[in-house]
Undergrad: 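This is the structure I have questions about; it appears just below.
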Amino acid sequence: MAQKPAIPKGTRDFLPKEVARRTYIFETIKSVFKTYGFAPIETPSFELSSTLMGKYGEEGDRLIFRILNSGEKMKKADVAALAEDNLPRFANSLAEKALRYDLTVPFARFVVQHQNELSFPFKRYQIQPVWRADRPQHGRYQEFYQCDADVVGSDSLLYEVEFIQIFDQVLTRLGIPGFTIKLNNRKILSGIAEVSGEADKLIAITVAIDKLDKIGVEGVVKELREKEVSETAISKISPLFDMTGSNEERLAQMEVFLAQSEIGLKGIEELREVLHNTHQLGLERANLAFDVTLARGLNYYTGAIFEVAVHDVKMGSICGGGRYDDLTGLFGLSGLSGVGISFGADRIYDVLNELALYPAEIEKGLTLLFANFGTNETAYCMQLAKALRQKGVACEVYPTAAKMQKQFKYADNRTVQYVALIGDNELKDKIIQLKNMISGEQIALTESEFMNYFNH
RNA sequence: GAGGUUGUAGCUCAGUUGGUUAGAGCGCCGGAUUGUGGUUCCGGAGGUCGCGGGUUCGAGACCCGUCUCCCUCCCCA
């Protein structure tokens, strides 16, 4: 019995037209990365489990795809751990490898491993798929591409400014009409926890206020109570939820709030510098917004954090990023500060589809199709095709002498721009009938006219 | 990981309180048109109704399980 064709949930196939669209997105991102001096690297699809586990928090670890050991390695399963109900250890003994969850952690591993071959600050970009064992939803896949650019080996805030410019340039070039780059700093969040006297509950507090736009002030307060944050702390934090005014006005309010927190004030200062420098340079389409409720789950961030949201489209954030002061420390190389961003190519693809923002030229199919009139004519067409291909013209010869109707229909479906008709009359008179499939016009050309026709 | 929803032709979907041989549009193939597509007209092919089990004289429809799509939560790109 024939098997019903299917692919795993959360994955997609892409037809030629779709690949053309995605290539356009990748190329746009890549070209901007290059102009900022980033060079490409690649890393393996899967890493040692130990490289990935524990880097993304408890939630993240759960979403890492594990690769089951095979063959004799199965025998290395730590049955004792299972007996002790230590499932993480048991799982690690069963799966020594795992599919990468993002590109940042493998990059940190890469930097440490190749530190003697790199010059710092090291700027790299990387466009590769990542995998997450997440439940699929709108804009959420189990396999998707990230387009990352990171710099390690410098704590200069110039890079934060550059990354904001890159967000702006890429999304403007892709034609996205409106989007907001949300900006915050982990130091400010630390400061909030410190000032409210709950420094040890930093993560609980940031996770809760991150949800402000979703569950509202009451929801956040409720969640803070559930996390056993004290009432005095909650009443201290609450005013932050309805700050108004410009970025600078809200920063000023934060500055007052954080007056007693050294780290908090440091965060304000950094953010001010980044905003000021970005403002000096100007942005094309991006709206830049300081958002104190922006937290981001990845717990390796220590400084600036970014997220980009598209206006008027229901879609989670399409880009993210931030500064991590000691990610390479986990692999034994401390003192290297890094900052990076990631474009979610699959979400951008969905957004561009929804808004129909693809330029017409990327959808162009084959340039020229030679209609097939029989063996003698075809032999001549193959010669012309060979010459055209050497000039870089995409062309093909229809494989059989099928009815013209069928050949033209095929040309239509392939969105062919021209059809060349060479039957026995044309062959005898040494001319080529060239039909423009868009205008429907047909002209007779000599061989040299025909060859020159495709010169531009 | 928790909850909800969906699945019928290649695609988008109808299908009445359970009742003969499961339909439409689009697409595909053939013809009108043996050298000209996108329009029109005529004809045709194509379905174990997601999968497994159950109830019933009888199930696409009802019940249970399972997988999948989509949605909410969680988290994220």
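Every chain is numbered from 1 and lettered A, B, ... according to where its sequence line falls, protein lines coming before strand lines.
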Undergrad: Hey, does A/S342 reach any base, or is it just sugar-phosphate, or nothing, if we go heavy atoms under 4.0 Å?
TA: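 Nothing: the residue A/S342, judged by heavy atoms under 4.0 Å, touches no strand.
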Undergrad: Side chain of A/N425 only, please: which of B/U36, B/A77, B/G35 is the nearest?
TA: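 Comparing B/U36, B/A77, B/G35 against the side chain of A/N425, the answer is B/G35.
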Undergrad: What's the closest nucleotide to the A/D424 side chain, out of B/G35, B/G30, B/G1?
TA: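 Among the listed nucleotides, the one closest to the side chain of A/D424 is B/G35.
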Undergrad: Using a heavy-atom cut-off of under 4.0 Å over every strand shown, decide if A/Y141 touches base, sugar-phosphate, or nothing.
TA: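 Base contact - A/Y141 has a heavy atom under 4.0 Å of at least one base atom.
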Undergrad: For a quick check of understanding: with a heavy-atom distance under 4.0 Å over all strands, which category does A/G374 fall into, base, sugar-phosphate or nothing?
TA: nothing
Undergrad: Decide if the gap between the ring center of A/F26 and the ring center of A/Y145 is smaller than 6.0 angstrom.
TA: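 Centroid distance A/F26-A/Y145: below 6.0 Å, so yes.
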Undergrad: Does A/Q407 contact B/U36 through a side-chain donor or acceptor facing the base, at a distance under 3.5 Å?
TA: no
Undergrad: Taking atom P of B/C76 as reference, at what distance in whole Å does atom OH of A/Y300 sit?
TA: 10 Å
Undergrad: Cation-pi check for A/Y101 against A/R132: NZ or CZ below 6.0 Å from the six-membered ring centre and within 45 degrees of the axis, yes or no?
TA: yes
Undergrad: In terms of side-chain heavy atoms of A/N413, which of B/G35, B/C28, B/U36 is nearest?
TA: B/C28
Undergrad: Does A/K314 put a side-chain nitrogen or oxygen below 4.0 Å from OP1 or OP2 of B/U72?
TA: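 A/K314 to B/U72 OP1/OP2: side-chain N or O found under 4.0 Å.
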Undergrad: Is a salt bridge present between A/D134 and A/R140, judged by a nitrogen-to-oxygen distance below 4.0 Å?
TA: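 Counted as a salt bridge, because a side-chain N and a carboxylate O are separated by less than 4.0 Å.
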Undergrad: Whole angstrom is fine here: how far is it from CD1 in A/I422 over to C1' in B/U36?
TA: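 In whole Å, B/U36 C1' lies 15 Å from A/I422 CD1.
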Undergrad: Taking the side chain of A/L421 as heavy atoms from C-beta outward, which of B/C75, B/U36, B/C69 is closest to it?
TA: B/U36
Undergrad: Send over the distance from A/R414 CZ to B/U36 C1', rounded to a whole Å.
TA: 19 Å
Undergrad: Distance under 6.0 Å and angle within 45° of the ring axis: does A/R124 meet both against A/F107?
TA: yes
Undergrad: Between B/C74, B/U36, B/U68, which nucleotide has the shortest distance from any of its atoms to the side chain of A/Q442?
TA: B/U36
Undergrad: To the nearest Å, how far apart are A/M437 CE and B/G38 P?
TA: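 Answer to the nearest Å: 9 Å.
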Undergrad: By the 4.0 Å heavy-atom rule, please label A/G60 as base, sugar-phosphate, or nothing.
TA: nothing
Undergrad: For B/C41 and B/G7, measure between their P atoms and round to the nearest Å.
TA: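 So the two P atoms sit 32 Å from each other.
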Undergrad: Measure from NZ or CZ of A/R12 to the centre of the six-membered ring of A/Y141 and say whether it is under 6.0 Å with the direction within 45° of the ring axis.
TA: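 Checked: cation-pi criterion met.
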Undergrad: With stacking defined as ring centroids separated by under 5.5 Å and planes differing by under 30°, is A/F144 stacked against B/A77?
TA: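 A/F144 vs B/A77: stacking yes.
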Undergrad: Ring centres of A/Y125 and A/F33 under 6.0 Å apart?
TA: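 They qualify: ring centres under 6.0 Å apart.
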Undergrad: Just the rounded figure in Å: distance from P of B/A77 to CZ of A/F306.
TA: 13 Å
Undergrad: Is A/E223 paired with A/K211 through a side-chain N to carboxylate O contact shorter than 4.0 Å?
TA: yes
Undergrad: Identify, between A/G320 and A/P8, the residue whose nearest nucleotide on RNA chain B lies closer to the 5' end.
TA: A/P8
Undergrad: So, is A/Q137 near the phosphate of B/U72, with a side-chain N or O under 4.0 Å from OP1 or OP2?
TA: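 Yes.
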Undergrad: Once hydrogens and angles are ignored, does a donor-acceptor distance under 3.5 Å link the base of B/C75 to the side chain of A/R135?
TA: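 Checked by distance alone, the answer is no.
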Undergrad: For B/C74, take OP1 and OP2 only and decide whether either is under 4.0 Å from a side-chain N or O of A/K211.
TA: yes
Undergrad: Applying the Watson-Crick and G-U wobble criteria at under 3.5 Å, what pairs with B/A9? Answer none if nothing qualifies.
TA: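 The base-pairing partner of B/A9, which may sit in any strand shown, does not exist here.
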Undergrad: Is A/R186 close enough and on-axis enough to A/Y301, meaning under 6.0 Å and within 45°, for cation-pi?
TA: no
Undergrad: From C-beta outward on A/Q405, which listed nucleotide comes closest to its side chain: B/C74, B/U33, B/C71?
TA: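 Side chain of A/Q405 sits closest to B/U33.
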Undergrad: Side chain of A/Q146 only, heavy atoms from C-beta on: which candidate in B/A77, B/G30, B/C69 is closest?
TA: B/A77
Undergrad: Quick one: label A/I318 by what it contacts on the DNA or RNA (base, sugar-phosphate, nothing), any heavy atom closer than 4.0 Å.
TA: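 Touches sugar-phosphate only.
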Undergrad: Counting the atoms with a prime plus P, OP1 and OP2 as sugar-phosphate, which does A/E426 contact under 4.0 Å by heavy atoms, base, sugar-phosphate, or nothing?
TA: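 Since a base atom lies under 4.0 Å of A/E426, the category is base.
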Undergrad: Say you pick atom P in B/A14 and the same atom in B/G31; how far apart are they, in whole Å?
TA: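 Their P atoms lie roughly 35 Å apart.
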Undergrad: Give the rounded distance in Å between these two atoms: CD of A/E143 and P of B/C76.
TA: 21 Å
Undergrad: What's the CZ-P distance between A/R140 and B/C71, to the nearest Å?
TA: 10 Å
Undergrad: Tell me: CD1 of A/I305 to C1' of B/C76, nearest whole Å?
TA: 14 Å
Undergrad: Would you mind telling me which of B/C75, B/G38, B/G35 lies closest to the side-chain atoms of A/M404?
TA: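 Taking heavy atoms from C-beta onward, the closest nucleotide is B/G35.
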Undergrad: Any donor-acceptor pair under 3.5 Å between the side chain of A/K435 and the base of B/G37?
TA: yes
Undergrad: Counting only Watson-Crick or G-U wobble pairs whose two distances fall under 3.5 Å, which nucleotide matches B/U72?
TA: B/A2
Undergrad: Between A/Y300 and A/Y324, how do the two ring planes meet: parallel, tilted or perpendicular, split at 30° and 60°?
TA: perpendicular
Undergrad: Which part of the nucleic acid does A/D346 contact within heavy-atom distance under 4.0 Å: base, sugar-phosphate only, or nothing?
TA: nothing
Undergrad: Once you apply the 3.5 Å cut-off to both distances, tell me the Watson-Crick or G-U wobble partner of B/G65, or none.
TA: B/C51
Undergrad: Which listed nucleotide (B/A77, B/U36, B/G30) is nearest to the side chain of A/F408?
TA: B/U36
Undergrad: Under 3.5 Å, is there an N or O donor on one side and an acceptor on the other linking the side chain of A/R62 and the base of B/C74?
TA: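 There is none.
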Undergrad: Only pairs with both distances under 3.5 Å count, Watson-Crick or wobble alike; so what is the partner of B/U16 in this structure?
TA: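 Its partner is none (no Watson-Crick or G-U wobble pair with both distances under 3.5 Å).
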Undergrad: Say you pick atom P in B/G25 and the same atom in B/C63; how far apart are they, in whole Å?
TA: 32 Å
Undergrad: Taking only side-chain nitrogens and oxygens of A/H138, does any of them come within less than 4.0 Å of OP1 or OP2 of B/C71?
TA: yes
